[in-house]
> 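Before anything else, here's the structure in question.
In what follows, every heavy atom counts, from backbone to side chain, and hydrogens, waters and symmetry copies are set aside. Please read these numbers as outputs of a predicted model, since none were measured by experiment.
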Amino acid sequence: MSESQLPLVSRIEEIEQRYNTVAKYAAGIKRQLETLTEQFNQRPELQQIESLRDEFLALQQRFNQLPALSNNVDNINTFEISTESANPDDVEIVRQFFERVDQQQGQELLTEVVTQPSGELPIQPADSSVNTNDAEISQAQEADNATELDESDRAFTDEEFKTERIMWLLNRIYAAEEESLEIPVDAEEFLKRYKNKEHEFAGINLAGAKLSGKCFNHGFILNLSGANLKGAELCETNLCSANLSGAKLNNANFYKARLESAKLEKAKLIKTNLNSANLGQANLSEANLSEACLSHAILFKANLNKTNLSRANLQNASLREANLRMANLNDANLSNAILFGTNLEGANLEGANLQQALCNTATIFPADFDPVKAGVYLIAPSASLKGANLSSINLNEADLREANLSRANLSKANLQIARLLQANLSEANLSEANLTCANLTAANLSGANLNQVNLKDANLTAANLSKANLKNAQISKTNFSGANLIEVNLVGARLLGNLSGATLHKANLCGAYLGSVNLSGANLTSADLRGANLEGANLEKANLKDANLSGAILKNTKFSGAIMPDGTTHE
């Protein structure tokens, strides 16, 4: 007989039997869950957690009592384990974890018992047969639970649990240092928003963005405070006056970038490339520039108060009038750096390299620091710099009156507008140096190497240049009036200055250009002027006795009153 043909009473009885069976299974599962919960609550790991918590509290109390660190402890919140904290304590977190495990295991047991492959509940005979099966199932479940507990014990051994606990605490520490999980913004979208005159980008994530050569100085201040620009490419980018305070700029590339007057206080610039960047008057107070590259950077009047520059490369950097009070320059490279008027009061210079760095009388060093012993050069009137290596150094507008620079290496140095009156530069190497508008009145340059030097508008009145090498020198509007140029090498030189009254005895002027030059009253005895261009030059009353003028261009040259090579006086 089919199920639909059974009498209604029989069908009701069968349903009641099924309900009773499910109820008994549910009661058994409940008992098992209660037993598991009690066992978990009595696990030794919870006692170990309580013990660890007490130990941390004790350590924190002892740490707070250390006198040397008492001022800093108030700011340490990373290891706070107070039960009054807004976050649940460690025991509560672990307890919640175990409760989730209990709940999951209970659901799995219920699913295994109630759900059969066919999707239907088992139909059991009434009374005694049901009780027998219940007992058998209960025993099987207890065996399974015991096995699961054994496996759980093995999964949470003492050593493993301690390890997990330590890692959890470390993750809490690292979490404090992690930046927000702000969704990264690509360079294209950022530039589009900026083009639409948006300038508030505080906290934006531009890590790795390619923004080299862009200009962000269009009449309003770009706000990138707290932004993530780690590893960003910003070569030759214009960020003048931009707000980058607190920004993360680690490993970013700011080569030749413009950051004048930028706000970078408390910014992170670890291992950042700022080579040749312009940071004039920028605020870098309390920023982290450890291991950053600032070679050839301009930091004129920059605020570097309490800045971390440990192991930073500041070679050839210009720090004129910069504020480096209380800065950390431990193991930093400051060789050849310019420290004119720089304030280094209270700075940490332990292990720093200051070889050939330049200072002046306005430079402030830390107490008990010996700049001479550290290899620092004093750039000042009457300074002793004999044999100093100042190659490629920037001495623009330097005051070196009467200074001793004999045999010094000043090749490719910038000496524009420098005051070198009566300075001793004998046998100095000034090849390719820039002496534009420099004042070298009565300076001693005997035997100096001035090959390819730039002497445009320089004043060399009464200077001693005997036996100096001026080959291929740039001489335009240069004043050599009364200068001693005996045996000077001016082969191929282009002279466009004033040489009236100059002494050029035995000077080598082969192929030199002297067109329209004023050589009146000059001493050119025994000078070599072969092939020289003297067109329109003024040689009135000059002495040319024994001079060699073979092949010289003498068109429109003025010789009135001059003593000619043969000793006769020109009418």
Side-chain angles (χ1 to χ4, degrees), residues 264-265 269 274 279-405 408-410 413-415 418-419 423:
L264 287 152
E265 61 269 27
L269 295 129
L274 289 154
L279 291 148
Q281 300 186 30
N283 186 357
L284 290 147
S285 61
E286 299 185 56
N288 189 347
L289 284 149
S290 61
E291 300 185 62
C293 178
L294 291 147
S295 177
H296 295 92
I298 298 172
L299 291 151
F300 173 67
K301 288 187 176 181
N303 184 3
L304 294 151
N305 182 49
K306 296 182 180 179
T307 300
N308 183 1
L309 288 156
S310 60
R311 298 182 300 282
N313 181 5
L314 289 149
Q315 189 174 18
N316 291 298
S318 176
L319 290 155
R320 291 172 182 256
E321 300 180 44
N323 177 12
L324 283 153
R325 291 182 71 253
M326 308 300 291
N328 182 6
L329 288 155
N330 181 48
D331 292 326
N333 184 0
L334 287 153
S335 60
N336 298 107
I338 298 174
L339 302 171
F340 296 158
T342 306
N343 188 350
L344 288 154
E345 182 183 358
N348 177 11
L349 291 169
E350 184 177 354
N353 178 8
L354 285 104
Q355 288 292 319
Q356 301 167 23
L358 308 180
C359 71
N360 60 10
T361 54
T363 305
I364 301 173
F365 286 103
D368 302 324
F369 179 78
D370 187 350
V372 176
K373 187 177 180 180
V376 180
Y377 293 144
L378 175 64
I379 305 299
S382 303
S384 179
L385 294 161
K386 183 177 180 180
N389 183 6
L390 299 165
S391 176
S392 303
I393 208 70
N394 185 359
L395 290 169
N396 182 41
E397 298 186 54
D399 189 352
L400 286 161
R401 291 170 293 172
E402 301 182 24
N404 185 359
L405 288 154
N409 182 6
L410 289 154
N414 181 8
L415 289 156
R419 285 174 282 181

> Roughly how far apart are Gln281 CD and Lys301 NZ, rounded to 0.5 Å?
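Spacing of CD (Gln281) from NZ (Lys301) equals 6.0 Å.
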> Ignoring hydrogens, what is the shortest heavy-atom contact between Leu284 and Thr307? Give both atom names and the distance.
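Closest approach of Leu284 to Thr307: O-OG1, 2.6 Å.
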> Pairs under 3.5 angstrom only: tabulate donor-acceptor contacts from the side chains of residues 374-393 to other protein residues two or more places apart or in another chain.
| residue | atom | partner | partner atom | Å |
| --- | --- | --- | --- | --- |
| Asn389 | OD1 | Ser391 | N | 3.3 |
| Asn389 | OD1 | Asn409 | ND2 | 3.4 |
| Ser391 | OG | Ser411 | O | 3.4 |
| Ser391 | OG | Ser411 | OG | 3.2 |

> Looking only at side chains, do Asn305 and Asn323 share a donor and an acceptor under 3.5 Å apart?
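Short answer, no.
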> Just verifying a value: how many Å separate Leu294 CG and Leu274 CG, rounded to the nearest 0.5 Å?
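One finds 5.0 Å between CG of Leu294 and CG of Leu274.
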> First locate atom CG of Asn343, then atom CG of Asn303, and finally report the distance between them rounded to the nearest 0.5 Å.
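Here the rounded value is 10.5 Å.
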> Please check this pair: side chain of Asn360 against backbone of Gly341, looking for a donor-acceptor N/O pair closer than 3.5 Å.
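It does hold such a pair.
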> Kindly write out the residues that satisfy side-chain contact (heavy atoms from CB on, under 4.5 Å) with Glu286, not counting sequence neighbours, or none if the list is empty.
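With neighbours one apart ignored, the set is Lys266, Lys306.
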> Restricting to non-hydrogen atoms, name the atom on Ala347 and the atom on Pro366 that form the minimum distance, rounded to 0.1 Å.
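Residues Ala347 and Pro366, closest heavy atoms: O-CG, 3.5 Å.
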> To the nearest 0.5 Å, how far apart are CG in Asp331 and OG in Ser290?
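If I round to the nearest 0.5 Å, the distance is 12.0 Å.
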> Sorted by first residue and then second, give each ring-ring contact (aromatic ring centres under 6.0 Å, His included) pair with at least one member in residues 311-369; sequence neighbours left out.
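Sorted pair list: Phe365-Phe369.
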> When you look at Gln356 and Ser335, which way does the side-chain contact (heavy atoms from CB on, under 4.5 Å) test go after all the steps?
CA-CA 6 Å; Gln356 301 167 23; Ser335 60; 5.7 Å; no
> Rounded to the nearest 0.5 Å, what separates atom OG in Ser310 from atom CG in Leu289?
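It is 9.5 Å, given to the nearest 0.5 Å.
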> Just to verify, which of Leu344, Leu309, Asn313, Leu329 counts as forming a side chain to side chain contact (heavy atoms under 4.5 Å, CB included) with Leu334?
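Among Leu344, Leu309, Asn313, Leu329, the one that satisfies the side chain to side chain contact (heavy atoms under 4.5 Å, CB included) with Leu334 is Leu329.
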> To the nearest 0.5 Å, what is the distance between NE2 (His296) and CD (Gln315)?
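Answer rounded to 0.5 Å: 7.0 Å.
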> Regarding Asn414 and Asn396, do their side chains bring together a donor and an acceptor under 3.5 Å, going by distance alone?
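No.
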